[in-house]
Structures are given as structure tokens and as C-alpha cells.
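Atoms considered below: every heavy atom in the structure, side chains included; atoms not considered: hydrogens, waters and symmetry mates. Residue numbers count from 1 along this sequence.
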Amino acid sequence: MTLLLIVQLPRANTSNNGYLIKQYTDEHGLPQNSIKGIGQDNLGFVWLITEKGPVRYDGDGLFRTFDDLSTKLKSDRMVALYRGSQPNEFWAQSEFNEMILLKDGKPTTSEKPLWGVLQKLRSIREKTLYHSVRLPPSYPDYTPQHLVVPDGAGGDFVISSDSISVFPPFHMSPTASIPFADANLWQFASLHGKLYYFEGIRQYTEINKEACVAKKNIGGDLSDLPNSTPFNLYWNPVSNQLFVYAANSLYRLAETEDGNLSSTLLLTGFDFRQHDIIAVHHLASEGQILLGSETDGLFVIQKRFFTPLTIDLPHANNVFYTQALLPNGSLLSDHGAIFDNDGTLKRALPLVGKKHQRGQIIGPGETIWILLKDTIMILSRDASRIVDIKPNPMQLKYIYKDDSARYWLGGEENLLAYYDASRDTFVVRASLPSAITYIERADDSVLFIGTRKGLFSYNTVSTTVTGIPAFGDMHIRSIRRESDGRHWVTTYQHGFFLYENGHITAFPLDKNRYLTTSHCTLEDDNGFIWISTNKGLFKVSKQQLLDYKKNNSETPFYFYYNKNWGFDSNEFNGGCMPCAIKLPDGRFSFPSLRGLVQFDPMTIIDEFPDDAIILDKVSLNGDTLRIGDTIQIPRNFSRLDIKIATPFYGNPHNMEIEYMLDRSDKPSSEWLPFNGIHNSLSINNLSSGSHLLRIRMRSGLTLRDFKYANFRLHVQPLFHETWWFTAIFCMSIGLIFWLMIYVRTKLVLKQNRLLIQKVNERTEDLKKQYEWQQHLSASITHDIKAPLHYVVQTLHAMQSRAKAQRITSGEIQQIYHATQHIYQYSNNLTNLSRIMRTKEWLVLHDVCLHQVVQSQVDIFLPIAKLRGNTITNEIPQDTVINAHADILSVIIHNILDNAIKFTKGGQIMISVENMAAGLVSFSISDTGVGLRPEQVAYYNTNQHVPTNRNALEKETGFGLMLAKDMAQLINAEMHIWSVLGKGTTIVFALRQNHATGIYQSIP
């Protein structure tokens, strides 16, 4: 006999019948706990009227009170709401009939009386009228003589004890009247121009504006109740909404296309009588019901979008991790819980009391493998009995089945093993550096192995393990394979990543950094990736993530879901395989600390604010400023607080509001976040002038879904920043500059005249001096040159006669050569003086260097012989340089003169050397007495000028300095090498400039 071990249990817990209920009282921001009416203004803001004035409800427990109204009213105790005669007019009435206009998100007091607001029913004003402002009525035992029921389209119905009169819009007298007797006045309500009288929960009488009467039945969800079921009408004429409360449930009535009323169940299980509910407003687009209580404040009720499955059994803590789809489509999870598609719960008794259910998978033959701490339990395909038990000595925790039907396992002992079915044993294939946390296929021959210290690849063919350096020591939480080349990886403390074809992409975190601890990812059919974390659930467009991989300039938008959407806990669980499951019907199932969170991702409504953005309050140093088209701000202030508002009743976490503050002359380029809690902004300093406060608010999931609003701020300038001060200042500065320029000009003109006079005088003096010097130079040159010419001629004749008579005299020869030397030198000076005097620039030309040198050698050779010196000209005869022959002759003349003077019984050698890159240098060397080091330094650099400069030049003669100066005229550079007592070498170096044909000195 087989014992059936599966026990049928009641339906799983789905938490409060699928509704989220929040209650707000004076402990949560309400001024007091009596809500007399609820309405929505032209911008979508929800208003509550209380006995402490009108209150604006901005969603998620944010209430805006207006204390300044109490100073303008006799009483701030509100009693009723009215929709005025003009479109978008919405009025609150105080107990003294003072009227407050609720429009554009702001309350405004008015001098209009109540009748001025209504502006109708003039013909029956003298009779007793009672205006029906809501159902249930404020005074249900009161029976007025005439009941005015607004028709919701601008007209009215006036109900008397025996008739009903029709007042169309803008009519002061009735256009029709029909008999209607013995009616309960508090069972009349209207919608869209029609009056309804409810005789039972499913039957009603309809009277239209033409006074046509028709008996009808209510369709929809109310059809399930008997017509005799007790009911209450909840009518909100300001919102044009009508509700029926019956059998502890709330239904909304609305007109269908065929003109009949149909009912829709909104809420069940909430006791209106217990909580004294007197006002109802339905936010259909947000899926919320607002209930106003006479004593208990405001109730906000929203249908759960997410349904946590929990179990109510002893020793079951509803902490879920592992899940596995059974062959029959049921879901097996922790605690031995099996959930059918409709949520029916069963228990697999073999797993009752079995702790540490670490992993589970459908094994060979559709058996169910359960990885326990020390054993592997194998159950039948329906989990009703134990088929086998295997040891789990390696503490295997994760099991993965690849495409080859092999089972790979890993766990705490860092070992990767696989199940060898032929030998019914587990074979260890690899050792990892840390405990294994996830296993997934990379391709046909490679597995990805997630560990607590990085991600690794394992080649099933070569059995090699390779680390993926990009993941470092990250704790891998899950790996989801999308294709062989693309894997989504979640980590603990490092967020989530895309690993694609060897490239890793790290995605930015959400604004609260909840994505740091990412558990699992699933992709829905609309291309959105859902990510579970320790702080809630996220949804992000996969395309935005892929775009971010290509260009990270735009951050993906993450839509956030938390307990406000229906979870019992924001903390989801990971560390299991699989970490989440897509059920056969398309629903997702994520494990959490409080049940399995299951939902259909295709039916989740993404709530975004999409109404107007208004400036709600502007405070300067704590004082409220008037809000207009442009806000005027004094120049000196310490703090400017700006608060904006928008009607939004969804999850405030997804309100992404940013601002940009532009100056008129300097536009900004960066969007900055508002204070997310109160939508406020504080500014400590603003320059004077106009500023544009630009605000954008996210209104959808794409990166371009934003709603924009602009507000102008004008900071009043200081006195020195005004236009008139600027004009006066500019005129003053201009006048000062003009005076300065005028005085300066006069002074400069005077100085110019004096300068011209002095220049003319100095020029005349210089001219006379120059002429005198030229005459003197010419005279000296002439006086030297003419006599020397005759002396040379005479000595030449005397030498000739002496030779003819064979009479030689060394003295005569010496006199001759010395005189000839003086004559040649003075002749060169004459030519040079002529060049400098006429200011003609030196024209360089081809010069035969050998010939110029030899002409000077010939002059000095006789004198050199007398001193026992030899002069050698080693310059080749074909050596041609670009220079000036006269200047070159003077240079060589001076150098040879010095060499012969300071050399006796020695050698004087003149040579040339062709250097690289067109360089040429020639040198004159002697073996004379040489120069002292300070003399060499003086002539080579002119930087070490001794105090006895004149003495140095006298010792060596003026020839060297003259040669150095002459060399500069032909762009040559002179350099001296000398050793005292051993001789001197003077080198002249030139470099040919091929573009100009001129030799330049070497730097």
C-alpha cells in the first residue's frame, strides 16, 4: 500500500486581498482628521476640505496646508465643495459661506458669495433650497423643501416633494417639469447631465435633460448581488463620480456606450461604516481610491501590482530561495511548497522539516533532485515519494544541466564536479580559487563558473580553468545567458554587467545605489530587463543598456518598484540557481524574504507624472515672495528657497526632476537634481539681472520622455549695477580719458617741438664733426700715403742701382720692405675708409684665397727672413671663397704682422680645411711666444674683460682686435688657440649659405 505524501492545503496567502491600504491622519501631515470632500482641480491636484481649511494632497503622504488663509477668513472650517458655473472652477465653502477658489494648485479667497458662485436658480431663490454637494448627505435626517442636484454638465435638477424641474445650463427658469412623488431625496444622484434615482441595488430610474423618464437595470459586477441587498450611494459631484457600497464592497457606476449604467468592482473587504467614510474619489489612471473619513482622516487604497505568495504554516518563515518548474507546470520551492498556476498550495511531505534546501533541478527521468547539506534527495516527478538518496560529501549547492544532458555541480568546497550517470557517481573535474556561486553555459564546450572571487571559464574538452581578469575578485551572484556571445552578470557590491564577446560593460547604478547588490535578471517580451536587489526591484530598457555600451554619455533610466507596489518586503533573495523563473504563462517569480513575488510584467503600469509643473512656494530669507510671471528678488539675500509641485500619486522614487539655471548672458549646460523629497531648491547667490529657471520632469521610460517648464527670476541690481549708473560712469570715464588725452597730446606736441629742435642742433654738430673726421682721416691717409709712395719709389731705384753695381745692403733692403709694408697697409685702409665713408654695403664676391694670402706673404717674407722666420702658404691655388678681398687682405695683414713680430727663428704656416656641410676654415699658426690665458679668453669671448684691457691690447697690438672686427664684416668667426711660449693658432671659420651665396659665421 502506497502512502500519498502530498497534502492539499488552502489557497496561498496573497496579502490583504490584493490591496495596499495607507491611512493618513493629523500624525502624518493632515491639519485634522475630518475630510468633508475630495476634488481635483484643473491641473490635476487633489484637494481635501477639512475643518482646518483646504489641504492639497501631493501624493505619497505629502500634504500642503495654507495657513495664511486663516488671516483672510472668518472661519477656516470648510463644509462643502462646489463646481462653479465656469469651466475649471472649483470652490470650497466655509461655515460662514465664504468662498475659496481652488485652481492652478492654489487656493484664492474671493468676495463672491455662494449665490454668486452658483449664478442660477433665480426664480426659486425665495423658496427654501438645499444644495446637494455629496452623498451620503451631511444631514441624512433632514428633508429639505427643494433639493438642488447639479447635473454634472452645468445645469441643475430641482427635486420637490411631488415633482422634478429641469434647469439646463445658463437657464434661470425650468424648461421642463415632471411629476415624481414619494421619493427618498438622498437616493438621487446625477452624472453627465442625467439624474438617477436608485430604487434598488440593480434598478434605477433615469431622467434626462429633456425630462424623459426610463426604468433601467445596472449591469456589470453588481449583477451578482440580489436586488434587495442593502446599499449606500457615494456621490462626488465635483469629480462627477458615482459609487455604490454594498456587501462590504465598493463599485463605481459609469455610463456605457448604450447609455446605461454599468458597475465595476473597485474594492472589497473594507468597512466604510467602521471608518466613517463620507467622501470617495477615484484616481482611475493611478489605480487609487481616496476615501475621506469624518473621524479617521484619509485612506489611500491601491490595488497590488505584485502578489507575494506566502504560506501560513508552523515553522514556515516565508523566506524563499530555490524554485523549480515541475513537469506538470507547478512550481516547487522552499519548505516543500508546491504552487499550482492558480496559487493553490500543496506540500511535498518528503521535504517537510528539511532545512538547507540548497538547490533543485529536474533530473534524469523527470525525477526531482534536491541538494541538501549532506545528501542529495531524489523525488518522483510529482514530489510524492523519495526515489533515491545520494551522499553530498562535497557540499554541492548549485546544479546545472547543459545541452549534452550532463549535470554540473559546485558548492562551498571550491570543486566543480559532474554526475557520471553510467557509473552513478560524481567526478571532480576542476578546483576553483573560491566557493562556486553560479554555473552557466558560455558555448558548446565552455562553462562560465561564478565564484565569490571572480568569474572563470571552464573548457569541458581540455578541462582547463581560465580566470576572466575584468571581474577581478567580484562576488558573482548570477549569470544569465542570452546567447553564446552575450551574458548578463550580477554581483554582490559591484552592480551588474554585460559580458559580450570578451568585452565587459559595467553599468551605472541608480541614484540610491540599490543596484550595488544585484541578485538576478529576467527579460520580458517588451525588451525590458528586470533586476532584483536587496532594496527592491528595477526595470530598465535593454536597448538603453546596449546603447550605453556603445556610448556612455547618456545614463539608462531605471524604473523602481518597492513595497508601495505590493511587496511584503523590499529585500529579494539571491544565491540560488535559478535565481528567478519565468513561468509558462509569462509571469515572473522572484524569491524574497517575505514570499515568492509573482507578477505579469506585461500588465505592470509604469506611473509617471504628466501634469503641469507649478511654482508652489518661493521664500527669501524665510519670507514668502509673491509668485507671478517673473519673480522679483532683492539683490542682497542669504537664501532663496524654491519649491515646485506637480500632481503625482505614484511612487515618488521615479519622480526624476532636474533644473538648469540660465543667465541671460550665460546659458547653462548641465541638468542638476532637485531635492527629491520636497521638490525644493535652495540658492545662496544670484547675480543681478534676469535668470531663467528651466525644469524638466521625466514622463516616460525613454531617455527623451520629459515634460518641461520655465520660470523667470529677476534679481534687482545694486545702485552701481543700474543702467543710469553705468551711463554716468561711462560718461565720466570718457570725459576723464578725453582730458587725459588732451593734456597728454599738448605735452607730447610740446616735447616733440623741443626734441626736433635738439635733434636738428645735434645733427648739425654731428655733421660738422663727421666732416672734420673725414677730412682728418683723408689728410692723414694722404700725408702717409704720398710720402711713402715716393720713399718706396726711391728705395726701389736705389736697390736697383745697388744690385746693378753688385752692392747689397741688408739695411737698405729692410727699409724698403718695411716702407712697402706701410704703403700697402695704408692703401688698404684708404680703400676701407672709402667704403665706410660712402656707407656702401659690402658686396661679397668670389675670392681666390691662395692669391690673397700669397700677396700678403710676399709683403712680409723679407721681414720674416730678417727675423729668421719661414712663412708657408699651404692653401691650394684653386681654393675660392665668397668674401671681400680688401677686408680679407687687412685681416691677413694684421695676423701676419703680429705673428712675425712675436716669432723669431720660427715657423708661420697658413692652411685651409674643408669641413662638412659646406664649411671651410683657414688658419694662421706661428711658433712664437704665445698668449696668456686671459688674453685668449678676452679675444675669444669678450666676456672676461679684465680691468687692464688697454694694457692687454697694447701687449698684443691693436691688430688682433681689428682683425676680429673685420671678420664680422664678412660673416666670419675668429677663434684663437695659444699656449704661452709655444705659439698661437688663429682660425677663421665660415659656412656657406647656398640660398644667398654668402658665408655666415658658425654659431
Side-chain angles (χ1 to χ4, degrees), residues 828 832 842 844 847-850 852-854 856-857 860 869 871-876 879-903 906-946 948-993 996 998-1003:
N828 289 338
L832 182 60
L842 302 178
L844 304 185
V847 175
C848 179
L849 182 60
H850 175 84
V852 173
V853 170
Q854 190 60 44
Q856 297 301 317
V857 170
F860 285 97
N869 296 327
I871 304 176
T872 305
N873 182 4
E874 295 184 351
I875 299 177
T879 302
V880 178
I881 63 171
N882 197 285
H884 193 282
D886 291 337
I887 294 177
L888 194 59
S889 296
V890 173
I891 294 172
I892 298 172
H893 188 101
N894 279 278
I895 301 301
L896 286 177
D897 183 43
N898 265 21
I900 293 171
K901 185 187 302 182
F902 295 102
T903 303
Q907 294 181 352
I908 300 171
M909 185 173 63
I910 305 171
S911 61
V912 69
E913 182 180 355
N914 291 322
M915 302 175 66
L919 296 177
V920 64
S921 67
F922 73 93
S923 60
I924 301 175
S925 302
D926 64 61
T927 58
V929 296
L931 300 174
R932 295 198 304 274
E934 62 269 22
Q935 291 174 318
V936 174
Y938 170 68
Y939 287 112
N940 279 343
T941 66
N942 277 343
Q943 295 178 353
H944 307 286
V945 180
N948 57 343
R949 169 182 173 180
N950 293 334
L952 288 175
E953 291 183 353
K954 286 181 180 180
E955 291 177 4
T956 59
F958 296 100
L960 283 180
M961 185 53 64
L962 181 62
K964 185 177 182 71
D965 294 340
M966 291 295 176
Q968 293 178 357
L969 296 177
I970 59 173
N971 298 321
E973 182 176 322
M974 186 183 83
H975 197 82
I976 299 175
W977 284 273
S978 181
V979 178
L980 192 63
K982 293 185 179 182
T984 302
T985 300
I986 301 176
V987 178
F988 295 89
L990 302 99
R991 181 172 59 194
Q992 187 173 18
N993 186 329
T996 61
I998 299 174
Y999 283 82
Q1000 298 177 345
S1001 61
I1002 298 175

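- Ile891 and Ala963 get closest at one heavy-atom pair: CG1-O, 4.0 Å.
- Here Ser921 contributes atom OG and Glu913 contributes atom CD; the two are 5.0 Å apart, rounded to the nearest 0.5 Å.
- Taking the side chain as every heavy atom from C-beta outward, Phe922 and Leu888 approach each other to under 4.5 Å.
- With contacts defined as side-chain heavy-atom distances shorter than 4.5 Å, the pair His850/Thr879 does not qualify.
- Under the 4.5 Å side-chain criterion, counting only non-hydrogen atoms from C-beta, Asp926 is not in contact with Phe902.
- In this structure, the side chains of Leu931 and Val979 stay at 4.5 Å or more apart for every pair of heavy atoms.
- For Ala883 against Ile970, the heavy-atom pair with the smallest separation is CB-CD1, 4.5 Å.
- Although no hydrogens or angles enter the test, the distance criterion places a donor-acceptor pair under 3.5 Å between the side chain of Asn869 and the main chain of Gly906.
- Side chains of Ile895 and Ile910 form no contact here, defined as non-hydrogen atoms less than 4.5 Å apart.
- Distance check: Ile887 CD1 to His893 NE2 gives 15.5 Å after rounding to the nearest 0.5 Å.
- Tested against Val912 for a side chain to side chain contact (heavy atoms under 4.5 Å, CB included), the candidates Ile881, Val853, Leu849, Asn873 yield a single pass: Leu849.
- Within a 6.0 Å sphere centred on CD of Gln907, other residues, nucleotides and ligands contribute 12 heavy atoms or fewer.
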Can you check side-chain contact (heavy atoms from CB on, under 4.5 Å) on Val857 and Ile908, steps first, answer last? CA-CA 10 Å; Val857 170; Ile908 300 171; over 6 Å; no
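- Rounding to the nearest 0.5 Å gives a distance of 5.5 Å between CG of Leu896 and CD1 of Ile871.
- Of the inter-residue distances, the one linking His884 atom NE2 with Asn971 atom CG reads 13.0 Å to the nearest 0.5 angstrom.
- Qualifying side chain to side chain donor-acceptor pair (under 3.5 Å) partners for Thr984, counting only residues two or more places apart in sequence or in other chains: Ser978.
- Under the side chain to side chain donor-acceptor pair (under 3.5 Å) criterion, His975 pairs with no residue, sequence neighbours left out.
- A donor-acceptor pair is defined here as one N or O able to donate and one able to accept, closer than 3.5 Å; such a pair exists between the side chain of Asn894 and the backbone of Val890.
- Among all heavy-atom pairs drawn from Phe860 and Ile900, the shortest one is CB-CD1, 3.2 Å.
- Taking all atoms of both residues into account, the shortest heavy-atom contact from Ser889 to Val852 is OG-CG1, 3.6 Å.
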